Amino acid sequence: MSVTHQLLKLFQVDKQLRGLRSRLDAAERFLEQQRTLLKEIDEKSTAVNSQTKHLRAGIANDEGEAARYEAKISGLREQINSVKTAKEYNAGLTELNNYKESKTKHEDAAVENMAKLEQLDSQAADMKKQREERARIVSGAETDRVTKEAEIKDRVEELTAQRKAMTDGIPKDALTTLEALIKLRGDDAMAPVEVLDRRNLEYACTACMMTLPVETVSAMLAGKLTKCVSCHCIIYTEEDLLPVKPTPKAKPVKKQVAKAGPV
Ligand SMILES: [Zn+2]
């Protein structure tokens with residue numbers, strides 16, 4: 001068996017393996033995407049929760065301060081009532097106004113933050129819903145991944161063992177060449193040639209449809225590992241690789257004469 005033939009057999013097993021894995025890969029990619037989205041929601045929720053906590057503490061502080069000023073105001077009012085001079089009275093009023101101003105400042109801040117808190121609470125509720133929905137999708141995607149893996153497991157093991165047995169007999173450099181090409185070109189790593197004119201060694205690569213130079217064709221026909229000069233895939237002749245069949249007798253080609261249709 002030529003190296004090309006060995007590579008082709010390996011390539012075919014590899015193609016089946018890739019085909020099987022691609023379904024699992026797609027399921028894994030989807031699961032990964034969904035997990036990322038769920039993580040994003042969790043991160044946003046954490047941020048909102050921390051903002052909420054911060055706001056609540058701020059509101060409690062402002063309410064406390066407002067109450068403290070209210071107590072001061074009541075005390076001061078009593079004092080003002082018992083002052084003797086107009087000067088003391090005016091000084092008392094100025095202080096009272098300062099206290100009132102401070103109290104209002106804290107009350108306003110508390111009201112403003114309560115409005116923000118309301119928004120955050122609604123955001124948090126919204127995110128909770130989003131999270132539930134996303135968690136459901138993640139769980140479905142996990143089940144799907146496990147199912148797909150189980151479906152292909154036996155066949156993948158079988159093919160992997162076959163592949164391993166095949167690689168053992170292939171020269172290392174040829175194997176490296178094929179593996180690099182598979183990585184780069186996938187199913188187009190190897191391609192059969194099409195015979196255009198056998199006698200004149202006119203062959204074309206079926207991967208890129210370009211005609212191959214005579215020396216490339218000769219090398220390939222001599223059993224050497226050969227690449228297409230245009231697309232660099234490994235080329236092979238299908239007929240060389242098929243078991244030899246008795247040549248069927250050429251059937252005479254009946255010429256189809258177009259019948260004149262009804263006029
Ligand atoms: Zn080509």
Side-chain angles (χ1 to χ4, degrees), residues 1-30 32-33 148-149 151-256:
M1 204 194 294
S2 73
V3 174
T4 309
H5 193 170
Q6 284 180 303
L7 287 183
L8 181 63
K9 290 202 143 198
L10 180 70
F11 177 60
Q12 283 161 344
V13 168
D14 209 86
K15 203 168 164 181
Q16 287 186 58
L17 267 173
R18 274 180 288 126
L20 286 172
R21 282 201 186 114
S22 71
R23 293 181 58 214
L24 180 60
D25 285 348
E28 275 175 354
R29 263 199 308 278
F30 182 70
E32 215 38 61
Q33 281 167 2
K148 290 231 162 63
E149 192 176 35
E151 273 169 14
I152 66 167
K153 191 175 167 280
D154 292 350
R155 186 70 184 129
V156 165
E157 272 172 14
E158 200 179 307
L159 288 169
T160 307
Q162 265 185 40
R163 192 188 187 286
K164 175 79 184 55
M166 283 176 179
T167 54
D168 288 346
I170 300 174
K172 192 145 188 339
D173 54 344
L175 188 62
T176 312
T177 304
L178 177 65
E179 280 173 346
L181 276 171
I182 289 174
K183 231 177 228 176
L184 204 66
R185 305 176 50 96
D187 287 353
D188 278 335
M190 290 187 83
V193 291
E194 188 189 352
V195 186
L196 302 175
D197 182 340
R198 195 183 304 276
R199 193 177 301 173
N200 292 316
L201 292 183
E202 273 182 39
Y203 287 68
C205 161
T206 56
C208 66
M209 304 317 288
M210 299 296 281
T211 311
L212 299 158
V214 173
E215 52 271 30
T216 306
V217 175
S218 306
M220 178 191 66
L221 293 178
K224 286 185 192 157
L225 180 61
T226 313
K227 285 184 185 178
C228 165
V229 288
S230 309
C231 72
H232 306 296
C233 71
I234 297 171
I235 46 172
Y236 60 91
T237 56
E238 269 174 328
E239 52 196 29
D240 285 348
L241 304 172
L242 293 171
V244 183
K245 282 185 203 161
T247 334
K249 277 182 192 166
K251 285 180 189 166
V253 181
K254 276 185 191 167
K255 274 190 184 168
Q256 293 267 335

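Whatever order the structure lists them in is the order used to number ligands and atoms, beginning at 1. Predicted model, so just to flag it, every value in this text is computed and none were measured. Atoms considered below: every heavy atom in the structure, side chains included; atoms not considered: hydrogens, waters and symmetry mates.
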Leu10/Leu175 under side chain to side chain contact (heavy atoms under 4.5 Å, CB included): CA gap, chis, key distance, verdict: CA-CA 9 Å; Leu10 180 70; Leu175 188 62; 3.3 Å; yes

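- Of all protein N/O/S atoms, those lying under 2.8 Å from the Zn ion (ligand 1) come to 4.
- For the pair Gln6 (side chain) and Gly169 (backbone), a donor-acceptor distance under 3.5 Å is present.
- Lys153 contributes atom NZ, which lies 12.5 Å from atom CG of Leu24 (distance to the nearest 0.5 angstrom).
- Side-chain N or O atoms of Arg155 include none that pairs as donor or acceptor with a backbone N or O of Leu20 at under 3.5 Å.
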CA sep, side-chain torsions, deciding dist, call: Ile182, Arg18, side chain to side chain contact (heavy atoms under 4.5 Å, CB included): CA-CA 10 Å; Ile182 289 174; Arg18 274 180 288 126; 3.5 Å; yes

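- Across every non-hydrogen atom of Met190 and Thr4, the tightest pair is CE-O, 3.8 Å.
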